[in-house]
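Below is one structure, written out as structure tokens; the observations come after it.
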Amino acid sequence: MKKLFAIALAALMIVGMFAGCSGSAAPETTAAATTAPAAETTAPASETTAPAAAAPLTIEDGKLVMSTNAAFPPYEMTTDDGGFEGIDVEIAGAIAEKLGLELVVDDMDFDAALLAVQQGKSDIVMAGVSVTDARLLVMNFSDSYATGVQVVIVKEGSDVTMDNLGEKMIGCQRGTTGYIYASDTPENGGYGEDHVTAYDNGATAVQALMNGQVDCVIIDSAPAQEFVAANPGLTILEGNWVEESYAIGINKENTALVDAVNQALAELTADGTVQAIIDKYISAE
């Protein structure tokens, strides 16, 4: 069944029939267990001569499994009924619909979400993932679908500035580029590991700031605005700490899925779906 589905999807890519699918609404997403089974790693003897990643691979027939860390509003977050919503969730849903698949969202820590796609436990990873040289060594990326701007959250009246961050204690989400860059050595433009504390998610880092455990938090602009709005007494320093591109992470061996996702993403960008989803969650102010 899995083989037939892969061949069918590859055929759709060749004849260019993606455009016939509607991308106006994302399908309903369902939560997958965080212990999703690993993808098969051994092919039957009769197929050992087939080229690697001949067609898009999925863990289950008809499903596109997205690993994420659903604590990164407005890109991914949980709903009151236990579901998921956000920019990444809706874009992934629209892509899945284009590919004739059902989106399944698998929520886990950020580091685990990146590792899941590398190990074949998920098909894609979307969690405000920035493209870096280090990540390109272990996974493929789609074309960029959004620009991420990282900023610095501080308490109102704080003496923290962009110029003295190296003298302060900084909170970051573990595994993010904010943590990677900030904890790097001063020679490489960072502040050193002794000036950075890693937390499992942005909300925990912000709580540590509220509790006085760190002096500031480096995080992407969109979730920063959400956290500041929800926590009186916090503010965002003027200026951008760094700007990056967000893209969809895909297993290194699955180049066909990269092509399929890029085709769908291009169509969703051209017809305005991607921008409409972003505008739904982020105001134009």
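All residue numbers in this chain count up from 1 along the given sequence.
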Which distance, rounded to the nearest 0.5 Å, do you find between the [atom1] of [X] and the [atom2] of [Y]?
{"X": "L165", "Y": "Y191", "atom1": "CG", "atom2": "OH", "result": "4.0 Å"}
{"X": "I170", "Y": "I219", "atom1": "CD1", "atom2": "CD1", "result": "13.5 Å"}
{"X": "I95", "Y": "L101", "atom1": "CD1", "atom2": "CG", "result": "11.0 Å"}
{"X": "D163", "Y": "L237", "atom1": "CG", "atom2": "CG", "result": "10.0 Å"}
{"X": "L257", "Y": "I124", "atom1": "CG", "atom2": "CD1", "result": "7.5 Å"}
{"X": "M162", "Y": "C216", "atom1": "CE", "atom2": "SG", "result": "9.5 Å"}

Is there a side-chain contact between [X] and [Y] (heavy atoms, below 4.5 Å)?
{"X": "M108", "Y": "S67", "result": "yes"}
{"X": "Q150", "Y": "T176", "result": "no"}
{"X": "I282", "Y": "I87", "result": "yes"}

Any side-chain donor-acceptor pair under 3.5 Å between [X] and [Y]?
{"X": "Y281", "Y": "E90", "result": "yes"}
{"X": "N240", "Y": "E243", "result": "yes"}
{"X": "Y75", "Y": "E226", "result": "no"}
{"X": "Q275", "Y": "D279", "result": "yes"}
{"X": "E156", "Y": "T235", "result": "no"}
{"X": "E244", "Y": "T177", "result": "yes"}
{"X": "E85", "Y": "T78", "result": "no"}

Would [X] end up clustered with [Y] when hydrophobic side chains under 4.5 Å apart are linked, directly or stepwise?
{"X": "L103", "Y": "V117", "result": "no"}
{"X": "M77", "Y": "I277", "result": "yes"}
{"X": "V154", "Y": "M210", "result": "no"}
{"X": "L64", "Y": "V274", "result": "yes"}
{"X": "L234", "Y": "F227", "result": "yes"}

Least distance between heavy atoms, [X] atom then [Y] atom:
{"X": "V196", "Y": "M169", "answer": "N-SD, 3.8 Å"}
{"X": "S183", "Y": "Y179", "answer": "OG-O, 2.6 Å"}
{"X": "D107", "Y": "A70", "answer": "OD1-N, 2.8 Å"}
{"X": "I180", "Y": "G175", "answer": "CD1-O, 3.9 Å"}
{"X": "F72", "Y": "G128", "answer": "CE2-CA, 3.8 Å"}
{"X": "A182", "Y": "C172", "answer": "CB-SG, 4.3 Å"}

Sequence neighbours excluded - side-chain hydrogen bond (donor to acceptor under 3.5 Å, both in side chains) pairs with any residue from residues 134-146: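 Sorted result for residues 134-146: D88-Y145.
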Partner of Q173 by side chain to side chain donor-acceptor pair (under 3.5 Å), out of T204, D200, N69: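 Looking at T204, D200, N69, the match for Q173 under the side chain to side chain donor-acceptor pair (under 3.5 Å) is N69.
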Stepwise salt bridge (Lys or Arg N to Asp or Glu O under 4.0 Å) test for K155 and D215: CA-CA 8 Å; K155 287 184 177 180; D215 300 307; over 6 Å; no
Derivation and outcome, side-chain contact (heavy atoms from CB on, under 4.5 Å), residues N164 and T161: CA-CA 5 Å; N164 68 7; T161 68; 3.3 Å; yes
Partner set under ring-ring contact (aromatic ring centres under 6.0 Å, His included) for F110, not counting sequence neighbours: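 Partners of F110 under the ring-ring contact (aromatic ring centres under 6.0 Å, His included) test: none.
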CG (D81) with more than 12 external heavy atoms under 6.0 Å: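 Check passes, neighbour count above 12.
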Salt-bridge criterion met for K121 and D106 (N-O under 4.0 Å): no
Check against side-chain contact (heavy atoms from CB on, under 4.5 Å), L136 and F141: CA-CA 7 Å; L136 284 168; F141 280 97; 3.6 Å; yes
